[in-house]
Structure formats: C-alpha cells, structure tokens
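Values reported hereafter were calculated over all heavy atoms of this structure, with side chains retained and with hydrogens, waters and symmetry mates removed.
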Amino acid sequence: MKMVFFLHEGVTSLDIIGPYQMLSAIPHAKVQFAAKTKGIIQDDMGFPTMHAAFSLNEIESADLLLLPGIRTKMNAAPVHKDTEVLDWIRAVHETTRWTTSVCGGSILLGAAGLLNGLKATGHWSTFDILPRFGASPTAERVVREGKIVTSAGVSAGIDMGLQIVAWECGDDYAKMVQLATEYDPKPPFDCGSPLKAPASLIEQTKLHFAASN
C-alpha cells in the first residue's frame, strides 16, 4: 500500500508522525514523504525534523494521501493558494483509495475543491473557514465521506490512522496496533476541545497563537 505524506515548511510534526505511527503498521505499507522541493523540512517550531525524499512531480499516484495542517489565517497560509500544490492534490486524489487530512489540512482539501457539499472536520479554528469551500464543519474527531477522511486538530491524526488500519485490516488487527503502541491517552486536563474548554480559555488561546504567528 503506497502512502504519500505531503510536507511543507512550517508543518506541525505530530500531524505527520502521529498517523505515520499507526498507518505504517498496515502490512506492506510503503510511506513516501513528498514536498514541492526535496530536502529537509522545518516544522512549525523551526526545527529541521523531516526529510522529503520526493518532489511533487515525482509522485503521480497513491493508495493513501495525507495532508497535514496549515496555518489557518487565510492571509498567512500561502500553501493553500499554491496552484501547483492544489493541482497535484486533485491529480493524486483521482488515484487514491483514501484521501486524508489532519488538523488544518482540511483547508487544503477544500481549496482543491474536494469538500464541496461534504461534512468535514479539522482544527476548531478552521470551522469558520471550511464553509468558504462548500464544506459543513463538524466537531467530530474523525469524519469519513466516501474515501475522504478528515480528522480534527493535531492529535486526532492518531485516531484517524488507527481507524484506517481497522478499515483496511479489521478491528482485531487495529486493536493489536493500539496495544502495541500503548495508545491509551489520559490527559491531565479535560479541555482538549472547545466543547469542553471554558470560553475564557478559548479566547486566551486564540489571542496567544494570533500573537505568535
């Protein structure tokens, strides 16, 4: 199973590594990392963490395409306005068994015209943006619409990866992968979603990350 993970400068590492940990457990999985330009990619913390071994023009097909998050400010996310990237997403999507996104990666799907009329999720900060592309945002952690699978913010990519393992290999195999990775999260705070966090914390978080962009 050929899996292609799209990388871009400023990617959040867990958007990639989380689902990779789960999806690479699928038997005969072959994961390729691709970017507009081959080489080392810096994450959103400024660390050179991943290597794109392929450029986009070297990847024409995939069984699974994964798009990580982008910055959700519309004027600060040029990757979602890059016609070369969007054309490539559309072309590869035609060949996939699964086209997936993590966090703000759903904006890339939307900008490529693939979410029109569909329900989709992403980071909660994308919910006012997704309707611009004809999508109906939902706070669900993983959403499947045919072969398009979107997941919520960052850590939800782990859930999505494990769910696709179950769809591909069966629940029992996915449970073994979950056990092998000891994926049994118990966060110290119950505020990992805007549905749980107080309004004051949501506003404080928006202000903090707006200032850091």
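- Expressed to the nearest 0.5 Å, how far CZ of Phe133 lies from NE2 of His80 amounts to 5.0 Å.
- When atom types are taken as modelled, the side chain of Trp88 and the backbone of Ile59 share a donor-acceptor pair closer than 3.5 angstrom.
- If you check the side chains of Thr99 and Arg90, you find no donor sitting under 3.5 Å from an acceptor.
- Remark: Gln32 CD is packed, more than 12 non-hydrogen atoms of other residues, nucleotides or ligands lying under 6.0 Å away.
- We find the OG1-CG distance between Thr12 and Asp44 to be 3.5 Å, quoted to the nearest 0.5 Å.
- No chain of hydrophobic side-chain contacts below 4.5 Å, direct or via other Ile, Leu, Val, Met, Phe, Trp or Tyr residues, connects Met160 to Leu130.
- Remark: side-chain polar atoms of Lys81 are not paired, donor with acceptor, to backbone N or O of Ala111 under 3.5 angstrom.
- In the hydrophobic cluster analysis, where Ile, Leu, Val, Met, Phe, Trp and Tyr join through side-chain heavy atoms closer than 4.5 angstrom, Tyr173 is grouped together with Leu64.
- Remark: the backbone N or O of Met3 is not paired with any side-chain donor or acceptor of Asp63 at under 3.5 angstrom.
- Here the CZ-CG distance, from Phe33 to Leu7, works out to 6.5 Å after rounding to the nearest 0.5 Å.
- In the hydrophobic cluster analysis, where Ile, Leu, Val, Met, Phe, Trp and Tyr join through side-chain heavy atoms closer than 4.5 angstrom, Val31 is grouped together with Val165.
- One hydrophobic cluster, built from ILVMFWY side chains closer than 4.5 Å, cannot hold both Phe209 and Val11; they sit in different ones.
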Next item on the list: Take Ile202 and Trp124 through the side chain to side chain contact (heavy atoms under 4.5 Å, CB included) test and state the conclusion after the steps.
Entry: CA-CA 10 Å; Ile202 294 172; Trp124 53 267; 4.0 Å; yes

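- Atom-to-atom distance recorded for Ile164:CD1 and Asp159:CG is 11.5 Å, nearest 0.5 angstrom.
- One N or O on the side chain of Ser106 and one on the backbone of Thr121 form a donor-acceptor pair closer than 3.5 Å.
- A donor-acceptor distance shorter than 3.5 angstrom exists from the side chain of Glu9 to the backbone of Gln42, with no hydrogens or angles considered.
- Under a hydrophobic clustering in which Ile, Leu, Val, Met, Phe, Trp and Tyr are joined whenever their side-chain heavy atoms come within less than 4.5 Å, directly or via other members, Ile89 and Val4 fall into the same cluster.
- One finds the CG atom of Asp82 at 9.5 Å from the CG atom of Leu108 (value rounded to the nearest 0.5 Å).
- Contact of the Met1 side chain with the Trp98 side chain is registered, since non-hydrogen atoms from C-beta on lie closer than 4.5 Å.
- Phe5 contributes atom CZ, which lies 10.5 Å from atom CE of Met50 (distance to the nearest 0.5 angstrom).
- Within a 6.0 Å radius of NZ in Lys147, other residues, nucleotides and ligands contribute more than 12 heavy atoms.
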Just list the side-chain donor-acceptor pairs under 3.5 Å for residues 14-27, sequence neighbours left out, or say none.
unit_1	atom_1	unit_2	atom_2	d
Asp15	OD2	Gly69	N	2.9
Ser24	OG	Tyr20	O	2.7
Ser24	OG	Gln21	O	3.4

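- A donor-acceptor pair is defined here as one N or O able to donate and one able to accept, closer than 3.5 Å; such a pair exists between the side chain of Thr100 and the backbone of Leu65.
- Applying the 6.0 Å contact sphere to CD of Glu84 captures more than 12 heavy atoms from other residues, nucleotides or ligands.
- A distance-only check finds no donor-acceptor pair linking the side chain of Lys119 to the backbone of Val143 [under 3.5 Å].
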